[in-house]
*Asks:* 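One structure is given below, represented as structure tokens, and several questions about it will come after.
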Number of protein chains: 4
Amino acid sequence: MSEAKTAKSRSKSVDVEAAGQAISSPPVERPRLRDAERTSKAILAAATKEFAERGYGGARVDAIAERAKINKRMLYHYFGGKDALYVAVLEGSYVAIRSAEARLDLSHRSPTEGMRELVVFTWKYFLDHPEFLGILSTENMQKARFLKRSARIFELHSPLVAEISGLLGRGVATGDFRSDCDPVKIYMSIAALGSFFLTNRWTLSTIFQRNLSEKSEIDAWGEHIIEVIFAYLRP
Amino acid sequence: MSEAKTAKSRSKSVDVEAAGQAISSPPVERPRLRDAERTSKAILAAATKEFAERGYGGARVDAIAERAKINKRMLYHYFGGKDALYVAVLEGSYVAIRSAEARLDLSHRSPTEGMRELVVFTWKYFLDHPEFLGILSTENMQKARFLKRSARIFELHSPLVAEISGLLGRGVATGDFRSDCDPVKIYMSIAALGSFFLTNRWTLSTIFQRNLSEKSEIDAWGEHIIEVIFAYLRP
Amino acid sequence: MSEAKTAKSRSKSVDVEAAGQAISSPPVERPRLRDAERTSKAILAAATKEFAERGYGGARVDAIAERAKINKRMLYHYFGGKDALYVAVLEGSYVAIRSAEARLDLSHRSPTEGMRELVVFTWKYFLDHPEFLGILSTENMQKARFLKRSARIFELHSPLVAEISGLLGRGVATGDFRSDCDPVKIYMSIAALGSFFLTNRWTLSTIFQRNLSEKSEIDAWGEHIIEVIFAYLRP
Amino acid sequence: MSEAKTAKSRSKSVDVEAAGQAISSPPVERPRLRDAERTSKAILAAATKEFAERGYGGARVDAIAERAKINKRMLYHYFGGKDALYVAVLEGSYVAIRSAEARLDLSHRSPTEGMRELVVFTWKYFLDHPEFLGILSTENMQKARFLKRSARIFELHSPLVAEISGLLGRGVATGDFRSDCDPVKIYMSIAALGSFFLTNRWTLSTIFQRNLSEKSEIDAWGEHIIEVIFAYLRP
DNA sequence: CATGAATGAGTATTCATTCAT
DNA sequence: GATGAATGAATACTCATTCAT
């Protein structure tokens, strides 16, 4: 592991847009050559896909370079190596979802509305960003080996917990929600139902002979998550 | 990937005992000469762990041989190659859980009791067989590439769906459960809640600064699953 | 540096013959395939030449494999890596010269005869084993980075010092040598005169416009060493 | 090796000051704009160290740029490439020692005094300029591949030979020295004893378990060289 | 003059698999 | 049946050098 050499990339701030959005942005025709930012983002986007699809061990540096249409050497120039690039992808992925989440502004809605919005957002985000779930899968297969080293990860998540706590508190006050709910458990339940379906639909489709990638099945499961969560929250 | 060469292994029947039980079962005392079987099981058990921990791409044939304490050549002798071995591991994993499940005998219990038993069994099985979840993760990361080729996988699962359908039907009749429940959705919800917690606890522990591998957290989540499922089933 | 992985090669005893003699032995026509010892020696001999000629940093693993006419993979199989192979070469080189030296049996000769024999042997050995000097050059350029880690190197050299001490002592007794000579200084002087000429003859030939690789020059320098050493030892 | 591309650098005259003295010389105060020269010297000094420490093959262009604290591109601007830079270092090294030597003015001293001065100077120069010995090592490892191409190298050395010849002739006349001494052999003996000790002290310290980098050992060896040379010169 | 992005050809090392005994 | 030597195709990473600004 060449992590000692990541110094250079450490100073690179992980760009919120990079992992999540560069992927879908239209192929802007800029000068092409000597565009450091563009190159760096392209690498990050390509790496995100590759790591998500093949896992850390299965991901190939050459494949990332090819996907990003850059010279493999640049990957080392900008990120230092496979490890450091993976860490950048990992942090970038979390930053991206938490940033989008933060834009929800749940506190100005009724508890029921807010909770529904959170559930729907989460489900949609998972649906639209399959790489995020892939990265999580990979990282967990390694027991969060890399994430544990990331200092700022915790801070990134306290606002989320606070937000859910607020919703729950207000919901209890209005009589919409049962009391004694753990915000972390609520979030985990939402994530569990959403993530499991999308992540595992491939084997599930096979064993149950039912194409879970069809729109109707996906939509139905989205409804199902809401039903389950609200059934549980019901006082 | 030399998948064209897996023909040899196809003739190998997957042993129910292999993945799930050979690990803990006592060394059966039969005449001898059973070295072949013993070796084969050791390989399967070692491969299960390796694939579960590192994923398909990250797993190393050498590592499997070393874990199984056998000569690498034997692995090719018995299974034909990495791909075929992986398929054997995959099928064996499903066979193992479905076999254990089948021993539950849910039909002789009340719907509520039966459902609780199913939830508890699933949770415990996931807890006791982390490799199973690892294998699923890996296989889904590859979009069920290998599982899709496995012919008998569907048959293996129809009894499970039937069993849950039975429980639900009886529950509706007794007034314990709401009507209109999809047995597959119920099973997927149970699996989702159990699997997600265990699979993702490493990153979750990190982002929420809370050690989800502690017994108290694990037990609490087991209770949580039951609560969620029953809240949903409540008429 | 992958030295943590050299465990395997560590158990390989360095063969005295390997570095020094396998090089000049006739190409025995043995079965060719599956001859571990032969392969291992061929690698060591090839590596000795490569490291001697190009230095540690300049040596190429591919070049070694090609010189040894083996698959590059075997080099890792037998030695673990470039580092470990280099260490084997280094130790082997010292073992080879010290073993040959030990066969001199200086103690049964007169001090003068013994000393002359030592000088001549050293000169001839350097002349016949240019790789040895090359290896020393390389290792010293790295400030003995690898040699310092070699445990048995010191033991290998105490007999030499003892032998020279014996010669000097007897020479003082017979009146042939001056007293107060440090055996290590004597050896170093012999080595210095021999080594410097052979190692530096390329630049020396150029700057002095005189071909020091000619037999006459080489022989003359051999005589010169003897003269210098005996002039110094003269009481 | 892009040796065909060194044409550019050929026109660069090697500055006497560059390798040997730029390092310690005070920042000459001239109008300004001298950045070009300053940069060029910094590169040469950095390259001298790098090549001396790691050898030609082991030296890294990036490392040289970093040591010189200049942009790598400048290195190509001023010297054309690695090869040409190496040649400049090599020539500069010889020019530096011969220039310093020329300032000795041996002809106005007694033969004995002059000879002692030459020995002491050589020893001190080697001691103070470890890069010089490193460069020689490297160049000889390549059998003077680059030096052979340098046209003016021979001229640079004839004064040295003449100077020593003069000393020897006068010494024979005064009866201080034996006759029939080859000036080149004398110089080579002086250089051999000095160079070998300093170059090889790392391995020698290890094999003889004696720290030859200590001041006492170094001083003692300086004395030893004088003793050896004068013992040999004694009529 | 100066900078840093870009590149293709290496360079050490590892992998799954096969072969000879 | 069992063993370990042998192999070619990757695989992560590095190097000297050039290009655009």
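Letters go in sequence order (proteins before strands), and every chain restarts at 1.
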*Asks:* Does NZ or CZ of B:Arg145 come closer than 6.0 Å to the centre of the six-membered ring of B:Tyr56, within 45° of the ring's axis?
*Replies:*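 Geometry flag: set, cation within 6.0 Å and 45°.
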*Asks:* How long is the line joining CZ of B:Arg54 and C1' of E:dT14, in whole Å?
*Replies:*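 Atom CZ in B:Arg54 sits about 14 Å away from atom C1' in E:dT14.
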*Asks:* Between E:dT7, E:dT3, E:dA6, which nucleotide has the shortest distance from any of its atoms to the side chain of A:Arg73?
*Replies:*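 Between E:dT7, E:dT3, E:dA6, the one nearest the side chain of A:Arg73 would be E:dT7.
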*Asks:* State which of E:dA5, E:dG10, E:dT17 makes the closest approach to the side chain of B:Val61.
*Replies:* E:dT17
*Asks:* Starting from P on F:dA12, measure out to CG on A:Asp62 and report it in whole angstrom.
*Replies:*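 About 6 Å, once rounded to whole Å.
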*Asks:* Atom CG of C:Leu85 to atom C1' of E:dT11: distance rounded to whole Å?
*Replies:* 15 Å
*Asks:* Any carboxylate oxygen within less than 4.0 angstrom of a Lys/Arg side-chain nitrogen, looking at C:Arg54 and C:Glu50?
*Replies:* yes
*Asks:* Answer yes or no: is there a side-chain heavy-atom contact under 4.5 Å between B:Lys82 and B:Phe51?
*Replies:* yes
*Asks:* E:dC19 phosphate, OP1 or OP2: any side-chain N/O from B:Tyr76 under 4.0 angstrom?
*Replies:* no
*Asks:* What is the distance from CD1 of B:Ile64 to P of E:dC15, rounded to the nearest Å?
*Replies:*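 Checked: the CD1 to P distance equals 12 Å.
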*Asks:* Reckon A:Arg60 has a side-chain N or O less than 4.0 Å from the OP1 or OP2 of F:dA12?
*Replies:* yes
*Asks:* Nearest to the D:Lys72 side chain among F:dA12, E:dT17, F:dA16, which nucleotide is it?
*Replies:* F:dA16
*Asks:* Starting at CD of D:Glu50 and ending at C1' of F:dA16, how long is that distance when rounded to a whole Å?
*Replies:*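 The answer, rounded to whole Å, is 13 Å.
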*Asks:* Contact class for D:Ala65 vs. all strands (heavy atom < 4.0 Å): base, sugar-phosphate, or nothing?
*Replies:* nothing
*Asks:* Tell me: NZ of A:Lys69 to P of E:dA5, nearest whole Å?
*Replies:* 22 Å
*Asks:* Of the listed nucleotides (F:dC13, E:dC1, F:dT17), which one gets closest to any side-chain atom of D:Lys82?
*Replies:* F:dT17
*Asks:* State the pairing partner of F:dT11; accept Watson-Crick or G-U wobble contacts with both distances under 3.5 Å, and report none otherwise.
*Replies:*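 E:dA12 - that is the nucleotide pairing with F:dT11, both distances being under 3.5 Å.
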*Asks:* So B:Ala59, base contact, sugar-phosphate only, or nothing? Heavy-atom distance under 4.0 Å.
*Replies:*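 Sugar-phosphate contact only - B:Ala59 comes under 4.0 Å of backbone atoms but never of a base.
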*Asks:* Exactly one of B:Thr39, B:Leu85, B:Ile70 should register a side chain to side chain contact (heavy atoms under 4.5 Å, CB included) with B:Tyr78. Which one does?
*Replies:*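 Exactly one candidate clears the test, B:Thr39.
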*Asks:* Given E:dA12, F:dG1, F:dC15, which nucleotide is nearest the side-chain atoms of B:His77?
*Replies:* F:dG1
*Asks:* For B:Ala47 versus B:Val89, what's the shortest heavy-atom pair and its separation?
*Replies:* CB-CG2, 3.7 Å
*Asks:* Within this structure, what is the CG-to-P distance between A:Leu75 and E:dT7, rounded to whole angstrom?
*Replies:* 13 Å
*Asks:* D:Thr39 side chain: which of F:dA10, E:dA2, E:dT3 is closest?
*Replies:*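 Of F:dA10, E:dA2, E:dT3, E:dA2 is nearest to the side chain of D:Thr39.
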*Asks:* Paired with E:dA20: which nucleotide, if any, by Watson-Crick or G-U wobble criteria at under 3.5 Å for both distances?
*Replies:* F:dT3
*Asks:* Phosphate oxygens OP1/OP2 of F:dA2: is one of them under 4.0 Å from a side-chain N or O of B:Tyr78?
*Replies:* yes
*Asks:* Rounded to the nearest angstrom, tell me the gap between atom CZ in C:Phe79 and atom P in F:dA6.
*Replies:*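 Taking atom P of F:dA6 as the reference, CZ of C:Phe79 is at 12 Å.
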*Asks:* Do D:Glu131 and D:Thr48 have a side chain donor and acceptor closer than 3.5 Å?
*Replies:*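 There is no such pair between these side chains.
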*Asks:* On DNA chain F, check which nucleotide each of B:Met74 and A:Gly57 is closest to and give me the residue with the more 5' one.
*Replies:*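 Nearer the 5' end of the strand: B:Met74.
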*Asks:* On DNA chain F, check which nucleotide each of B:Asn71 and C:Ile70 is closest to and give me the residue with the more 5' one.
*Replies:* B:Asn71
